[in-house]
Trainee: 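Got a structure here, written out as structure tokens. Questions coming.
Just so we're on the same page: letters track the sequence lines, and every chain starts at 1.
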There are 2 protein chains.
Amino acid sequence: MTETKTDPRILRTRKLIMDSFIDLSSKKEFKDITIKDITTEAMINRATFYYHFEDIYDLLDKALTEVLFVNLNFEDYKDSDFDEDTFVRIFTAITDFQTSLSNRCHRGYEDTIARIIRDQLEVILYSILKRKHPSDADEGLKLSATMLSWGLYGASVEWRRSSNTVSPEEFIKTVTPYLD
Amino acid sequence: MTETKTDPRILRTRKLIMDSFIDLSSKKEFKDITIKDITTEAMINRATFYYHFEDIYDLLDKALTEVLFVNLNFEDYKDSDFDEDTFVRIFTAITDFQTSLSNRCHRGYEDTIARIIRDQLEVILYSILKRKHPSDADEGLKLSATMLSWGLYGASVEWRRSSNTVSPEEFIKTVTPYLD
DNA sequence: GCAGAAATGTTGGATATCCAACACATGATA
DNA sequence: TATCATGTGTTGGATATCCAACATTTCTGC
């Protein structure tokens, strides 16, 4: 393991910035949030922001990735099998994430959000597949993970379109019988 | 004015420490809270704690002073006269403060808390008296402030003893007619 | 009582953060 | 167009914070 622990100041500052950003984004449109707004709320210097993030889009990216990662709560089932329960939990995490975002104001960044969701899914799905088929070629596993992540994301879009007529659990369970 | 603005890192760190302490003190007895607990929660190094506070008693003192200061909300009436309304508001702030403390676990530190309350009151009362009688001797004003602060604190003890049979407002209004 | 563990304080060198200043871009106003 | 205000991004020197190590005190179990 390349375990090189990061300076706690870095963790703390990133957390302060991300928390402030998430907090602000529930009060303002993303386009109206300035870097000064964020650093003021976070009680850190503006220069320090640039020590951690390229720009505000980089922050958007990393903050959403972080939130989704927490939502997915990977630790809970990283050792479990690729069963229906795991599948349902992942799907529910996605829909929860999107619901929480719809309360904030990220209009115009749907494509960014979609990419973040698929990227995170891909990483997780690959690690599960890899454990199930340790000896298989990486290319095949990676492509499977990619396709599954697109599929899951697509399903979440479809679920949103059906506007809550059925719970995420019910929704995804209608397809799990066809997966193995 | 000797306005020398303090480094924002200092303000931020003190806030992190105090907030963590206040948070912890709602979950544990004061005597069971260690400095490591606080610094872990605050995400700061233990050595940094000692950069800001002598020890945990110093923190208790400063944290309670800060909370009481916020409760008193001095800015709101620092320009107002020493009328009944001001008097009632100060008294209410004290009882609110003590009520909030009774939910936390500071048993055994009643004397410390009492001293903090009187000290804060004294500062505020003196500034109000000084504005009302700018030309009077400081000794007299200071002694008046001291006596008033002891009196107000004593009234709050008496009010707590009467265990909520009457609101703080009603309680203190019964004596205001005798003050001028 | 005694030994081990855990908490308190302290220190010097390493590093993240701050500040002030700067150049540049953007948008509003006249 | 020109001007002013506001936001973005960058830099070098100053400073708060971190770390690891240490000595000391206080707690805990036997």
Trainee: Supply the atom-to-atom distance Arg46(A) CZ to Ile35(A) CD1, rounded to the nearest 0.5 angstrom.
Mentor: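 Spacing of CZ (Arg46(A)) from CD1 (Ile35(A)) equals 7.5 Å.
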Trainee: Would you call Asp58(A) and Lys62(A) a salt bridge, using N to O less than 4.0 angstrom?
Mentor: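 The answer is yes: the pair qualifies as a salt bridge.
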Trainee: Checking all strands, does Arg12(B) fall into the base, sugar-phosphate, or nothing category for heavy-atom contacts under 4.0 angstrom?
Mentor: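 The answer is sugar-phosphate, as Arg12(B) gets under 4.0 Å only of primed atoms, P, OP1 or OP2.
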Trainee: Going by the rule ring pair (Phe, Tyr, Trp, His ring centres under 6.0 Å), which residues pair with Phe97(A) if we only count those two or more places apart in sequence or in a different chain?
Mentor: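 Once residues adjacent in sequence are excluded, Phe97(A) has no partner under the ring pair (Phe, Tyr, Trp, His ring centres under 6.0 Å) criterion.
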Trainee: Any salt bridge linking Asp111(A) with Arg115(A)? Criterion: basic side-chain nitrogen under 4.0 Å from a carboxylate oxygen.
Mentor: no
Trainee: Below 4.0 angstrom, which residues in residues 31-54 of chain A have at least one non-hydrogen atom near DNA chain C?
Mentor: Met43(A), Ile44(A), Asn45(A), Ala47(A), Thr48(A), Tyr51(A), His52(A)
Trainee: Under a 4.0 Å N-O cut-off, is there an ion pair linking Lys15(B) with Asp19(B)?
Mentor: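 Counted as a salt bridge, because a side-chain N and a carboxylate O are separated by less than 4.0 Å.
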Trainee: CG of Leu16(B) to CZ of Arg9(B): how many Å apart, nearest 0.5 Å?
Mentor: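 Answer for the CG-CZ pair, Leu16(B) versus Arg9(B), is 14.0 Å.
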Trainee: Which residue lies toward the 5' end of DNA chain C, Asp7(A) or Asp55(B), if each is placed at its nearest nucleotide?
Mentor: Asp55(B)
Trainee: Between the main-chain N or O of Ile22(A) and the side-chain N or O of Arg104(A), is there a donor-acceptor pair closer than 3.5 Å?
Mentor: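 Yes: the side chain of Arg104(A) pairs with the backbone of Ile22(A).
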Trainee: For a 4.0 angstrom threshold against heavy atoms of chain A, report the outermost contacting nucleotides of DNA chain D in 5' to 3' order.
Mentor: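 First and last nucleotides in contact are dT8(D) to dC19(D).
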Trainee: Centres of the Phe87(B) and Phe91(B) rings: under 6.0 Å?
Mentor: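 No, too far apart.
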